[in-house]
Engineer: 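Sharing a structure with you now.
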Amino acid sequence: MLTTNLNKAQREVVYDSDGPVMVLAGAGSGKTRTLVSRVTYLLEEKNISPFRILALTFSNKAAREMKERVACEVDLDIGTLQMTTFHSFCARLLRSEIGYLGLSRSFTIYDDSESKTVVKFLLKRRGISPKDLSPYEILYYINDLKNNGFYHGCTGEFPIDEDLHPFFMDYETELHKANALDFGGLLTAVVQLFQCHPEVLDMYQKKFKYVLVDEYQDTNRVQFEIIKMLSEKHRNICVVGDEDQSIYSWRGADIRNILDFESVFPEAKVIKLEQNYRSSKIIIEAASAVIEKNLMRKGKAMWTDNPDGDIIPIIECADEKSEAEFVASEILKLKKSGVENRDVALFYRMNAQSRIIEDMFRKHNIAYRIVGGIKFYERKEIKDILAYLRLIVNDKDSLAFSRIVNVPTRGVGATTLRKLENEAVAKGLSLWEIVSDLVDNQENYANIRLTSRTKSSLVQLVSMMMEVKVMDGEGVRPSQLYEKVLHESGYYEFLSASRNHESISRLENLDEFDNAIKQFEMNRDKPTLLEFLETINLDPSSNESSTDDGKFNTSGEVSLMTAHGAKGLEYDYVFIAGAEENIFPSYRSLEEGEIGVEEERRLFYVAMTRAMKKLYIIFAQGRLLHGQIKFNGPSRYINEIPPKFFKWKKFKYGGDRRNESVFPDYEENSQEVDYGDESIIQIKREKSGYKFPAGSRIIHSLYGEGIVLETEGAGKNEKILIRFKDGIRKKFLTCIAPIVPF
DNA sequence: CGGCTAGTCATTTTT
DNA sequence: TGACTAGCCG
């Protein structure tokens with residue numbers, strides 16, 4: 001039953017369950033299906049307990065998808081099956097074993113921005129201006145060491161930078177004092193634990209009889225080290241990856257993990273999955289031709305049985321606006337022929353490119369969704385409230401303390417904070433420990449004089465936090481702790497006091513945060529604050545309440561995302577926008593030389609191979625970049641596509657001055673696109689038209705979110721009728737009303 | 001403490 | 001060009 005729907009190579013992966021296996025799986029080769037079958041086979045045919053299997057992926061998305069699919073296939077209870085990300089696996093392991101390393105199990109996880117704060121603090125403490133030594137340089141150094149498995153006291157050869165290393169040491173000390181680990185630290189701590197305490201390693205080695213790793217091309221050295229150690233005993237390790245889709249080397253992903261696999265596991269079997277089930281023949285052959293230009297690859301020959309499909313249009317536009325016009329008009333055309341929004345995606349190289357496209361989509365009432373754009377948990381108000389919550393769990397988190405001590409304003413300014421910090425350093429205690437003692441025993445702190453206002457607000461803060469800590473210890477639900485903190489800290493009042501749209505949207509975000517906590521609580525038997533915080537750090541999108549109610553548009557939304565965000569996804573129709581030199585490939589990568597060009601080529605390849613039916617590649621002759629019009633020319637990757645697979649087209653629209661291709665080389669293969677049908681007429685009308693067309697969503701600073709029902713008048717007299725969330729209808733003059741598009 | 005201005009610097013971001 | 005930050009002043 002398992003073998004149905006699997007080809008020969010895939011079956012090999014499923015059944016060769018013993019001994020090390022490396023699967024090189026091309027884009028769209030049914031990789032996930034194969035992995036799921038392998039796990040199913042282990043569970044059902046070989047009767048392996050789910051408890052003995054460890055499946056690691058890089059992203060939560062991939063882990064969730066795999067887990068769901070296995071759950072569908074298998075009748076067993078797979079609750080004990082560990083199918084998760086490297087980081088979550090390590091965090092979970094450390095929650096029970098961290099005692100060996102001198103931290104407590106309530107350790108906090110610092111994200112990148114918190115790491116940055118620590119580094120900035122260290123620079124300041126040494127009296128070095130960030131202009132003389134960039135915090136990014138230090139962070140890069142720290143990450144680089146951690147990605148390669150370096151920890152304080154480890155053995156092995158690492159390139160130590162004399163100037164930067166002291167910062168690494170300071171940084172580690174700070175985190176240790178704060179009972180915190182950063183993302184990289186979760187991984188190195190596990191390596192350290194295994195190396196220094198072989199008995200712990202032995203236990204886990206015995207436990208996990210089978211280890212599987214997905215997205216292997218994205219693993220870094222520490223991760224390799226972890227899976228190597230874990231599988232040394234049973235040697236049943238199966239890694240699946242595609243070197244052509246390695247697009248995170250700047251994040252530490254190390255191609256050596258693929259190249260060295262066979263030398264670390266000499267008995268390893270290597271299986272290639274080369275048949276593509278996703279894309280049309282033209283797309284596969286075009287993408288293969290591009291990726292073959294890379295020299296640093298083992299090499300695979302992708303092929304497909306799918307039909308030829310449409311030729312790839314290369315669209316030359318005058319500028320970024322014209323590019324957006326083209327996409328909008330083409331999507332309207334597709335829609336007319338029955339294509340649904342949800343089957344269409346647009347990829348760009350950098351987030352900044354999305355703005356103009358979004359404007360155009362709004363103008364044409366094309367429903368869209370930005371995938372992986374603004375990060376909810378990175379918003380200021382969310383970070384503030386999270387800092388309160390973190391402090392409840394972890395006394396030692398002085399970073400959290402200094403973040404909230406004066407938010408909302410309590411009369412505890414920089415000077416007071418500095419005194420508290422000095423005191424904390426002198427006594428070797430955390431800020432919380434100092435302050436909670438200070439409010440009771442002021443006489444012991446001769447150096448710290450407080451005004452009565454400062455004193456009383458600190459007393460209030462401390463007593464509130466004390467109460468919440470007790471409640472947390474008694475098992476009170478996280479949502480109730482949050483409520484208490486939000487109101488008793490004065491944060492809610494502080495935001496409600498100013499009624500500008502900034503604070504209104506902040507309050508809305510806090511409401512959403514409230515939903516997220518409640519969502520989390522519904523998913524657990526015994527929800528704890530500590531667990532909630534960990535989920536937020538390691539799997540921020542898991543508690544998202546679905547906002548996609550489909551009310552506004554039944555055909556879903558067009559997906560907009562960066563090429564990086566596109567990995568692992570597929571769409572019938574794909575647009576790659578901004579296919580220009582210095583954009584895609586980015587100028588930064590070009591500075592790195594061939595290495596950079598190859599990584600960008602892999603990224604371009606990933607973008608191309610997302611398309612199932614039709615791929616469009618678009619570039620602009622000129623583009624406004626940093627306030628200047630740049631003429632970059634078409635991306636080199638376009639030139640690497642054999643001409644028989646594409647048709648060069650020049651897009652013209654109303655406001656376009658230049659009508660000829662400025663790339664005469666392509667003239668013979670070029671053709672003008674006539675958009676003289678309704679879609680272009682619509683564009684012309686919209687160009688001079690309304691700021692807020694009917695159907696667009698808006699936010700009014702007083703009334704909140706609403707939808708435009710009718711428009712009338714033009715220019716200064718443009719009036720719109722809006723229906724707000726609560727059903728109230730109101731008319732506004734668009735030039736005066738405090739309305740922004742939503 | 002908060003609001004303003006001048007100066008700076010511009011990828012990608014699974015965790 | 002525009003978003004963010006550091007530093008200055010009221």
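The basis for the numbers below is simple: all heavy atoms, side chains too, and nothing from hydrogens, waters or symmetry mates. Just so we're on the same page: letters track the sequence lines, and every chain starts at 1.
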Engineer: Could you measure between the two P atoms, the one in dT12(B) and the one in dT5(C), and give it in whole Å?
Structural biologist: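 Per the computed distance, 16 Å lies between those P atoms.
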Engineer: If you measure from the C1' atom in dA3(C) to the same atom in dT14(B), how many Å do you get, rounded?
Structural biologist: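 26 Å, rounded to whole Å.
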Engineer: I'd like to know if Arg251(A) and Asp112(A) make a salt bridge, using a cut-off of under 4.0 Å between side-chain N and carboxylate O.
Structural biologist: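 The answer is yes: the pair qualifies as a salt bridge.
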Engineer: Between Tyr248(A) and Phe58(A) (judged by ring centroids, cut-off 6.0 Å), do the two rings come close enough to count as a pair?
Structural biologist: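 Ring centroids of Tyr248(A) and Phe58(A) are no less than 6.0 Å from each other.
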Engineer: Does either side chain, that of Asn257(A) or that of Arg221(A), offer a donor lying less than 3.5 Å from an acceptor on the other one?
Structural biologist: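 Their side chains do contain a donor-acceptor pair, which is all the 3.5 Å distance test asks for.
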Engineer: Look at Glu580(A) together with Arg349(A) and state whether they make a salt bridge at an N to O cut-off of under 4.0 Å.
Structural biologist: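 Salt bridge: no.
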Engineer: As a test of the definition: with a 90° window around 0 for syn, would you call dT12(B) syn or anti?
Structural biologist: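 Here the answer is anti: the torsion falls beyond 90° from 0.
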Engineer: Is the shortest distance from a Lys or Arg side-chain nitrogen in Lys383(A) or Asp111(A) to a carboxylate oxygen in the other one below 4.0 Å?
Structural biologist: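 Yes, this pair counts.
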Engineer: Have a look at His564(A) and tell me which of Phe604(A), Phe584(A), Trp250(A) forms a ring pair (Phe, Tyr, Trp, His ring centres under 6.0 Å) with it.
Structural biologist: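 Passing option: Trp250(A).
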Engineer: At under 4.0 Å between heavy atoms, how does the protein contact nucleotides 3-10 of chain C? Give one character per nucleotide, 5' to 3', with B, S or -.
Structural biologist: S--S----
Engineer: Could you tell me whether Glu225(A) and Lys228(A) make a salt bridge, using a distance below 4.0 angstrom between a side-chain N and a carboxylate O?
Structural biologist: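 Yes, charged N to carboxylate O under 4.0 Å.
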Engineer: Taking protein heavy atoms under 4.0 Å as touching, what does nucleotides 10-15 of chain B look like 5' to 3' if B marks base contact, S marks sugar-phosphate-only contact and - marks none?
Structural biologist: BBBBBB
Engineer: Taking only Lys NZ, Arg NE, NH1 and NH2, and the carboxylate oxygens of Asp or Glu, determine whether Asp182(A) and Lys146(A) approach each other closer than 4.0 Å.
Structural biologist: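 Judged by the 4.0 Å cut-off on N to carboxylate O distance, Asp182(A) and Lys146(A) do form a salt bridge.
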